[in-house]
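Report on the following structure.
Everything numeric in this text was worked out from a predicted model, so none of it was measured.
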Amino acid sequence: MQQQAYQWAKDLGLGVAVYRLYHTPKRWIQQCQRDGLLSLAQLRWMQWQMERAATQLQPLSPRSGEYLDVYFLSGRRFWYQTCFCFYSLLQHTSLNLRPVIFDDGSFTPRYIRLIQRVFPHTKIVSANDIMEQLDRHLPAERFPYLRSRRLSYPNLRKLTDIHIGSQGWKLVLDSDMLFFQPPTLLLDWLRSPQTPCHMVDVDTAYGYSDALMRKLAGVAIPSRVNVGICGLQSESLDWDELEFWCRTLIEREGTHYYQEQAMTAMLMARYPCIVAPATEYQVMPSQTEVMQPNAILHHYVADSKAGYFRYGWRHVTRQAVQTP
């Protein structure tokens with residue numbers, strides 16, 4: 001029955017449809033009720049200004065040396081945030097970094113051109129190439145829960161799409177982050193990754209009970225894992241186990257927005273990890289911190305989104321003007 005439901009969703013595009021017709025309007029209504037229409041309109045205006053500014057970012061000078069890849073999941077709704085995140089990272093290193101961007105299925109040639117204008121060396125992994133890898137290495141007949149869940153829950157694609165059929169260590173960054181100082185810890189990790197890395201959340205946000213997660217992983221689960229920064233070794237992922245985890249979590253305790261973060265925390269629980277210090281790599285920075293950054297990195301979640309669109313990206317453009 002699960003496989004049949006997956007096939008219907010795949011044929012009809014119901015995963016995306018349900019998300020757009022239910023979850024997106026629901027979140028918009030909740031925002032209106034919480035912040036008011038005027039504040040929401042101002043936020044949308046600032047968001048548009050950030051997107052427009054992304055079209056005017058000037059490419060930075062070429063770097064020498066072998067590429068070190070940094071991975072993103074992105075699309076037409078987030079392309080400009082991806083640009084600002086990677087641009088701010090380049091501003092604080094001389095390493096020859098390359099963005100590898102996995103299409104969430106919404107890119108058109110226009111958005112790819114906008115990204116490659118700023119980062120000519122960008123590698124775009126197309127939705128078609130992703131589907132070929134999924135069908136080859138994660139077939140729906142064998143992995144029905146992972147395949148169906150990624151349709152309705154795009155966050156899971158940071159695991160499935162980026163790591164399936166691949167090898168090597170990968171540093172995956174969320175797009176809604178900005179760098180303000182050299183991230184020495186991450187740059188050292190990129191040069192010589194040995195163990196997973198992540199950042200620290202403001203609270204433990206997994207959506208599932210610790211007892212169930214601990215039982216599935218077989219070890220104690222670390223608290224406050226945030227996967228805005230996520231370094232994993234692709235070949236270390238056991239997809240049969242991840243399918244079992246995905247199915248069991250849903251059957252026992254339902255679906256949850258933080259499921260991908262929960263499953264990643266379960267993976268990382270088995271290894272010593274490089275943990276980015278919370279004071280330097282801040283999740284949901286305060287208004288004061290957003291206006292005058294002292295940290296190395298901001299991850300703009302929840303209530304810090306408004307500051308991200310009002311102030312955050314403007315620091316990056318000012319730095320770009322100052323950079324010779």
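Judged as a salt bridge (charged side-chain N to carboxylate O under 4.0 Å, His left out), and not counting sequence neighbours, Asp129 has no contacts. Remark: Arg224 pairs with no residue by the salt bridge (charged side-chain N to carboxylate O under 4.0 Å, His left out) rule, at least two apart or across chains. For Asp161, the side-chain hydrogen bond (donor to acceptor under 3.5 Å, both in side chains) partners two or more places apart in sequence, or in a different chain, are Arg150. When the side chain to side chain contact (heavy atoms under 4.5 Å, CB included) test is applied to Ala302, the partners found at least two apart in sequence or on another chain are Met284.
Side-chain contact annotation: Glu251 with Tyr145, donor-acceptor N/O pair under 3.5 Å present. Gln47 and Tyr80 form a side-chain donor-acceptor contact under 3.5 Å, judged by distance and modelled atom types alone. Side chains of Gln81 and Trp313: no donor on one and acceptor on the other come within 3.5 Å. For the 3.5 Å distance criterion, the side chains of Arg52 and Gln49 fail to qualify, holding no donor opposite an acceptor.
Using a 4.5 Å heavy-atom threshold, the side chains of Thr93 and Phe179 count as separate. Annotation: side chain of Tyr308 is not in contact with side chain of Pro285 (no heavy-atom distance under 4.5 Å). Between Pro144 and Arg247 the shortest side-chain heavy-atom distance does not fall below 4.5 Å. Within the 4.5 Å cutoff, side-chain heavy atoms of Leu159 are placed close to those of Leu232. In this structure, Phe143 and Leu242 have side chains that are not in contact, with every pair of non-hydrogen atoms separated by 4.5 Å or more. Proximity of Leu297 to Met199: side-chain heavy atoms (C-beta onward) are separated by under 4.5 Å at one or more points. At a threshold of 4.5 Å between non-hydrogen side-chain atoms, the residues Leu178 and Val316 count as touching.
The pair Arg157-Asp103 fails the salt-bridge criterion, with no side-chain N (NZ, NE, NH1 or NH2) lying under 4.0 Å from an Asp/Glu carboxylate O. Ion pairing between a basic and an acidic side chain is recognised when a charged N comes within 4.0 Å of a carboxylate O; Arg270 and Glu241 show such pairing.
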Report the C-alpha separation of Leu267 and Met263 in whole Å, then their side-chain angles, then the decisive distance to 0.1 Å, and conclude whether the side chain to side chain contact (heavy atoms under 4.5 Å, CB included) test is met.
-> CA-CA 6 Å; Leu267 289 170; Met263 292 171 65; 5.8 Å; no
Before giving the answer on side-chain hydrogen bond (donor to acceptor under 3.5 Å, both in side chains), spell out for Ser126 and Asn128 the whole-Å C-alpha distance, their side-chain angles and the decisive distance to 0.1 Å.
-> CA-CA 5 Å; Ser126 72; Asn128 287 338; 5.2 Å; no
What do the steps show when you test Leu216 against Met266 for side chain to side chain contact (heavy atoms under 4.5 Å, CB included), and what is the final call?
-> CA-CA 8 Å; Leu216 290 172; Met266 291 159 66; 3.5 Å; yes
Could you go step by step and tell me if Ile229 and Leu173 meet the side chain to side chain contact (heavy atoms under 4.5 Å, CB included) rule?
-> CA-CA 5 Å; Ile229 293 171; Leu173 300 182; 3.9 Å; yes
Evaluate side chain to side chain contact (heavy atoms under 4.5 Å, CB included) for Thr248 paired with Leu212, printing each intermediate quantity in order.
-> CA-CA 9 Å; Thr248 305; Leu212 178 57; 4.3 Å; yes
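Under a cut-off of 6.0 angstrom, the local environment of CZ in Arg314 is crowded, with over 12 non-hydrogen atoms contributed by other residues, nucleotides or ligands. For Gln56, the CD atom counts as densely surrounded, since its 6.0 Å shell holds more than 12 non-hydrogen atoms of other residues, nucleotides or ligands.
Minimum heavy-atom separation, Ser236 to Tyr271: CB-OH, 4.2 Å. When all heavy atoms of Ala54 and Val118 are compared, the pair lying nearest together is O-CG2, 4.1 Å. Nearest heavy-atom pair across His163 and Ser234 is ND1-OG, 2.8 Å. Summarising the geometry of Ala276 relative to Val200, their closest heavy-atom pair is O-CG2, 3.6 Å, with the distance given to 0.1 Å. Between Ala269 and Val219, the shortest heavy-atom contact is CB-CG2, 3.5 Å. Taking each heavy atom of Asp104 and Gly75 in turn, the nearest pair found is OD1-CA, 3.4 Å.
Within the structure, the side chain to side chain donor-acceptor pair (under 3.5 Å) test picks out no pair touching residues 108-120 (sequence neighbours left out). Applying the ring pair (Phe, Tyr, Trp, His ring centres under 6.0 Å) rule to pairs touching residues 180-233 yields Trp169-Trp189, Phe180-His298, Phe180-His315, sequence neighbours excluded.
One finds the CZ atom of Arg147 at 5.0 Å from the CG atom of Leu134 (value rounded to the nearest 0.5 Å).
Seen from the ring of Tyr153, Arg149 counts as a face-on cation partner, given the 6.0 Å and 45° thresholds.
In this structure, Phe119 and Phe86 have perpendicular ring planes: the angle between them is above 60°, well past the 30° mark.
Each of Asp174, Asp201, Thr204 was evaluated against Asn226; a single residue qualifies, Asp201, per the side-chain hydrogen bond (donor to acceptor under 3.5 Å, both in side chains) test.
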